[in-house]
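Below is one structure, written out as structure tokens, with a few remarks after it.
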2 protein chains.
Amino acid sequence: MIDIRQMRYFVALAETLHFGRAAERLHISQPPLSRQIAALEKELGVRLLERGSRRATLTHAGRRFLEDARAVLAAYDQACRNARLADLGELGELSIGFMMHAAYTVVPRLTRRFVDKHPLVRIELREAVPSLLVDAVLAGRFDAVITFDPGPMRGVAAHRLHEERLCLALNPGHRLAGKAAVGPEDLPGEPLIAAPAEAVPTLHDAIVRYFRSGGIEPSFRLEAQLQQTVVSLVAEGLGIALVPASMSRIGYPDVVFRELEDAPSVAHVVAWRPANLNPALRPFLAEAGVPGM
Amino acid sequence: MIDIRQMRYFVALAETLHFGRAAERLHISQPPLSRQIAALEKELGVRLLERGSRRATLTHAGRRFLEDARAVLAAYDQACRNARLADLGELGELSIGFMMHAAYTVVPRLTRRFVDKHPLVRIELREAVPSLLVDAVLAGRFDAVITFDPGPMRGVAAHRLHEERLCLALNPGHRLAGKAAVGPEDLPGEPLIAAPAEAVPTLHDAIVRYFRSGGIEPSFRLEAQLQQTVVSLVAEGLGIALVPASMSRIGYPDVVFRELEDAPSVAHVVAWRPANLNPALRPFLAEAGVPGM
DNA sequence: CGGATCCATACCCGTTCGGTATCATGATCG
DNA sequence: CGATCATGATACCGAACGGGTATGGATCCG
């Protein structure tokens with residue numbers, strides 16, 4: 001059987017055209033080299049070098065085999081290197097799911113940092129509503145997801161990435177637009193626009209709790225899954241909304257944002273299945289600041 | 001050192017995900033396979049399979065390595081196959097020089113037959129005047145050349161490919177255009193157009209000998225290297241010419257061809273240096289009908 | 001809980017590889 | 001033109017490695 005070693009030997013010999021010097025370069029003595037080359041030629045059934053007494057010359061077949069052997073060796077080295085890189089999580093694929101809102105907060109910077117440090121990992125970024133994300137990570141559809149903190153869950157670990165207060169989004173003509181800060185007691189009966197509990201439970205719950213802390217029951221009027229849609233509907237004068245403060249940084253016309261007294265906050269987390277064996281997950285979590293990664 | 005064999009073993013194992021079955025497919029028993037795989041993993045420093053008690057599964061790094069190992073094996077097989085093909089002259093390069101005139105006689109068919117039978121040999125076809133061709137073959141510039149027979153030469157073998165008679169090319173208004181056949185005695189003083197002796201010695205000599213066989217000295221008026229040019233000059237009425245009969249098959253306007261009495265003939269030969277080691281030369285010569293090739 | 005399945009380990013033997021010593025051959029030089 | 005040198009091939013030896021059989025340990029299944 002022809003060996004990688006024999007190819008290495010042949011390439012060294014073809015490059016020096018001198019058995020002694022080639023053997024030296026290979027850190028073996030000359031006779032084994034002669035024998036290995038002879039064995040290679042015999043195995044191939046092809047004479048690769050013409051031995052002159054002063055120097056050897058490649059035959060046509062030898063020239064051809066030199067090129068091909070170099071290609072084999074390159075592929076071989078590549079394969080070994082890639083296996084190690086893949087094991088370290090520096091090479092491979094990583095699929096990340098995230099709620100659309102995170103595209104305005106942590107996703108861009110985190111992605112940028114990760115791809116800068118791990119350029120060989122292909123990242124697949126997919127947007128989804130938060131309630132689907134955690135199920136997807138459990139099902140193995142995503143290696144990690146970025147979403148509002150869903151609380152503790154079996155088989156899923158999570159790490160807090162980002163926290164922001166909710167604020168009030170109003171149409172500029174609204175009666176509360178003149179106030180600097182607003183509390184729950186200012187809001188009874190106000191038509192609310194918010195994401196449905198089934199799609200974004202964490203945020204929905206935070207809003208309900210905030211209202212109830214002031215002894216008030218919220219009255220939801222319109223539902224939309226994305227915060228961007230919610231704010232657009234506010235701009236249209238269809239109601240008010242409690243949205244993450246980062247939404248105020250986007251330049252929406254016909255919307256003003258007001259602080260809430262004792263504003264509730266929502267956290268972004270990165271969540272993953274600890275049993276997930278994708279080696280690229282670890283560097284990603286490290287980049288996200290997860291301790292011990 | 002990681003071995004081609006270990007890669008083969010790994011691919012077989014990755015394809016069956018079963019040590020016993022993979023070993024069977026490899027015609028070895030299971031323990032050596034286990035050991036080789038373990039050695040491979042140790043060498044790489046990477047776990048490639050997760051051994052379940054019922055079946056094994058590839059790790060991410062293992063999946064990657066499977067792809068790369070397949071690529072290595074493919075390159076390896078390719079290299080071995082190519083070496084054998086190159087040695088048989090079925091793969092490689094062949095440079096053929098030929099006189100332009102042969103493009104109308106033997107070159108097209110010979111080339112077609114050769115490329116049909118030996119599709120992996122890249123042929124480099126180069127036109128040149130006959131006097132340069134034989135020097136070029138001696139210098140190694142061409143592996144073989146096709147030209148008028150230059151006679152025996154040191155270090156060059158030749159084989160006759162094709163023989164054709166010379167005929168007379170005339171302007172239709174010429175006084176001899178009415179004769180069916182012409183002999184040397186009809187030609188004294190006629191202004192001749194022909195290739196120069198330095199460029200096409202064989203043909204030039206044949207023409208001179210033919211005239212002298214009738215006791216006449218030829219009077220050369222114009223010289224051009226290519227037979228096509230010679231005939232074009234005849235069409236223009238600048239003189240007469242003795243050209244290979246195959247020129248008459250090309251539809252030149254304003255030229256008529258007449259047979260010569262006791263017409264001299266010129267041979268096309270393929271010529272090569274017997275010391276030439278290009279394996280592709282032999283099949284080419286075989287295709288050209290050279291005996292013993 | 002017992003048997004079956006499957007991979008890992010232990011041990012043996014034959015092959016192969018690399019090393020040293022030496023030979024055959026062709027180039028080089030006085 | 002013959003002595004010398006350089007180079008690759010061959011002979012032989014000891015160590016390493018690969019493959020084989022026997023067996024152990026873990027897990028799954030009925």
Side-chain angles (χ1 to χ4, degrees), chain A residues 1-59 61-63 65-66 69 73 76 80 275 277, chain B residues 1-59 61-62 65-66 69 72-73 76 80 275 277:
Chain A
M1 178 59 70
I2 296 167
D3 201 337
I4 279 283
R5 183 167 13 96
Q6 293 175 321
M7 290 200 178
R8 277 194 207 293
Y9 286 6
F10 173 73
V11 170
L13 177 57
E15 283 172 356
T16 60
L17 294 174
H18 188 291
F19 281 73
R21 253 179 287 287
E24 192 177 351
R25 210 175 90 181
L26 293 165
H27 306 110
I28 62 173
S29 64
Q30 170 262 317
L33 177 59
S34 283
R35 249 184 305 141
Q36 290 298 330
I37 297 299
L40 175 60
E41 288 181 324
K42 185 178 174 191
E43 198 91 33
L44 287 173
V46 174
R47 185 156 215 71
L48 298 173
L49 303 116
E50 221 53 66
R51 279 82 157 167
S53 66
R54 205 65 186 174
R55 70 180 187 287
T57 53
L58 288 174
T59 63
R63 268 197 285 282
F65 191 66
L66 175 58
L73 293 176
Y76 170 89
C80 298
L277 294 173
Chain B
M1 176 61 69
I2 297 166
D3 202 336
I4 280 283
R5 184 170 9 100
Q6 292 176 323
M7 289 198 179
R8 276 195 209 290
Y9 285 8
F10 173 72
V11 170
L13 178 56
E15 284 172 355
T16 61
L17 294 175
H18 188 290
F19 281 73
R21 252 179 289 287
E24 191 177 351
R25 209 175 89 179
L26 293 166
H27 306 110
I28 62 173
S29 65
Q30 169 263 320
L33 177 60
S34 283
R35 247 184 307 141
Q36 291 297 333
I37 297 297
L40 175 60
E41 288 181 324
K42 185 177 174 188
E43 197 91 35
L44 288 171
V46 174
R47 185 155 216 69
L48 297 173
L49 302 116
E50 221 56 65
R51 278 81 159 168
S53 65
R54 207 65 186 173
R55 71 181 184 286
T57 54
L58 288 174
T59 63
F65 191 67
L66 175 58
V72 171
L73 293 177
Y76 169 90
C80 298
L277 294 173

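Residue numbers start from 1 in every chain, and the chains themselves are labelled A, B, ... in the order their sequence lines are given, proteins ahead of strands. Predicted model, so just to flag it, every value in this text is computed and none were measured.
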Heavy atoms under 4.0 Å, any strand shown: does B/Gln30 hit a base, just sugar-phosphate, or nothing?
base

Between which nucleotides of DNA chain D, read 5' to 3', does contact with chain B run, using atoms under 4.0 Å from its heavy atoms?
D/dG18 to D/dC28

What's the [atom1]-[atom2] distance between [X] and [N], to the nearest Å?
| X | N | atom1 | atom2 | result |
| --- | --- | --- | --- | --- |
| B/Met1 | C/dT16 | CE | C1' | 16 Å |
| A/His18 | C/dG26 | NE2 | P | 17 Å |
| A/Gln36 | C/dG19 | CD | P | 11 Å |
| A/Gln6 | C/dC17 | CD | C1' | 11 Å |
| B/Ile28 | C/dA8 | CD1 | P | 13 Å |
| B/Lys42 | C/dT9 | NZ | P | 11 Å |
| B/Asp3 | C/dC17 | CG | P | 10 Å |
| B/Glu41 | C/dC7 | CD | P | 13 Å |

If the cut-off is 4.0 Å, is B/Arg35 near the phosphate of C/dA8, judged by side-chain N/O to OP1 or OP2?
no

Report yes if a side-chain nitrogen or oxygen of B/Ser34 is closer than 4.0 Å to either non-bridging phosphate oxygen (OP1 or OP2) of C/dC7; otherwise report no.
no

Do [X] and [Y] touch side chain to side chain, with heavy atoms closer than 4.5 Å?
| X | Y | answer |
| --- | --- | --- |
| B/Gln36 | B/Arg5 | yes |
| A/Glu15 | A/Arg25 | yes |
| A/Leu48 | A/Phe10 | yes |
| B/Leu44 | B/Phe65 | yes |
| B/Leu66 | B/Val11 | yes |

CD (A/Gln30) with more than 12 external heavy atoms under 6.0 Å:
yes

Starting at NE2 of A/His18, measure out to CG of A/Leu13 and round the result to the nearest 0.5 Å.
10.0 Å

Upstream residue (5' side of DNA chain C) when B/Pro32 and B/Arg21 are each assigned their closest nucleotide:
B/Arg21

Can you figure out which of C/dA8, C/dG18, C/dG19 approaches the side chain of B/Pro31 most closely?
C/dA8

